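Here the structure comes first, spelled out in structure tokens, and everything after it is commentary.
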Amino acid sequence: ILNVEQSPQSLHVQEGDSTNFTCSFPSSNFYALHWYRWETAKSPEALFVMTLNGDEKKKGRISATLNTKEGYSYLYIKGSQPEDSATYLCAFMDTGRRALTFGSGTRLQVQP
Amino acid sequence: GAGVSQSPRYKVAKRGQDVALRCDPISGHVSLFWYQQALGQGPEFLTYFQNEAQLDKSGLPSDRFFAERPEGSVSTLKIQRTQQEDSAVYLCASSLGAQGTGAFFGQGTRLTVV
């Protein structure tokens, strides 16, 4: 059984605050790490697909880093906005499977 | 639309009833996945198709769950004799290649068994 854990479980921040979440995953048989944003009543939206140790990816105010040797990834949001409110899911893929193993997500609420 | 489409969006079933959930993947996508998301949890893998072949059904929780993709495009997830513990959001995802990398998700079907 693959263990993918996310913390914190939920987060309330004020508009303009910067924030970050953690995803930990198995450090062996790594293939890829995905980050998704899932807003209520919408489809999960892919943010990043990360495959190389040391990868850093950025999309607007959101960025992510990857450490495959120690098995963690960080997602950063700079200057949070109310529209960033969503559940952020990370998902791990190992070399033996085609499907994703998801963490339970971090629910972010940004107060105006 | 160009995305993954799931229907119905919401389904209420009486315990013991059979249900069928439909997924229309993005045209041309080889891989199709079904996931189940219980309240407060992340999505959990149910089954995977590559074209019409069901290559992995290790996540199906019981023999009441059955999935098919007969022509390699639309897929149906069928749950027989639904139980309360089947209440969840069922997500479908498709990807162009054989791997799940870069998969696109549908909006899900929320199943409530009463």
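Because the structure is predicted, anything quoted here is derived from the model rather than measured. Each chain gets a letter, A, B and so on, in the order its sequence line appears, and its residues count up from 1.
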Distance, nearest 0.5 Å, that separates CH2 of A:W38 from CD of B:Q107: 10.5 Å

B:G42 to A:L89 - nearest heavy-atom pair and separation: CA-CD2, 4.4 Å

Neighbour count above 12 (heavy atom, 6.0 Å) for A:Q9 CD: no

Flag if over 12 foreign heavy atoms under 6.0 Å of CZ, B:R15: no

Cluster check A:Y72, A:Y88: I/L/V/M/F/W/Y, side chain < 4.5 angstrom: no

CZ/B:F104: more than 12 non-hydrogen atoms of other groups inside 6.0 Å: no

Hphob cluster co-occupancy, B:L60 + B:Y48, side-chain heavy atoms under 4.5 angstrom: no

Cluster check A:V13, A:L47: I/L/V/M/F/W/Y, side chain < 4.5 angstrom: yes

Toward chain A, the part of B:Q6 with a non-hydrogen atom under 4.5 Å: neither

Interatomic distance, A:R98 atom CZ to B:F45 atom CZ [nearest 0.5 angstrom]: 10.0 Å

Closest-packed option against chain A by number of heavy-atom pairs under 4.5 Å, given B:V89, B:V4, B:D56, B:L91: B:L91

Winner by heavy-atom pair count (cut-off under 4.5 Å) against chain A, out of B:G59, B:A93, B:G106, B:G108: B:G106

Engaged part of B:E44 at the chain A interface, taking heavy atoms whose separation is under 4.5 Å: neither

Residue A:E83 excluded, over 12 heavy atoms near CD under 6.0 Å: yes

Closest approach of A:S104 to B:G40 (non-hydrogen atoms, all atoms of both residues): CB-O, 4.0 Å

Nearest heavy-atom neighbours spanning B:F105 and A:P44: CB-CD, 3.6 Å

Chi angles and distances behind the ring-ring contact (aromatic ring centres under 6.0 Å, His included) call for A:F102, B:Y35: CA-CA 10 Å; A:F102 282 86; B:Y35 293 87; 5.5 Å; yes

From B:F33 atom CZ to A:L100 atom CG, the distance as rounded to the nearest 0.5 Å: 6.5 Å

Cluster overlap A:Y74 with A:I62, hydrophobic side-chain contacts below 4.5 Å: no

Atom group of B:R110 that falls short of 4.5 Å from chain A, counting heavy atoms: neither

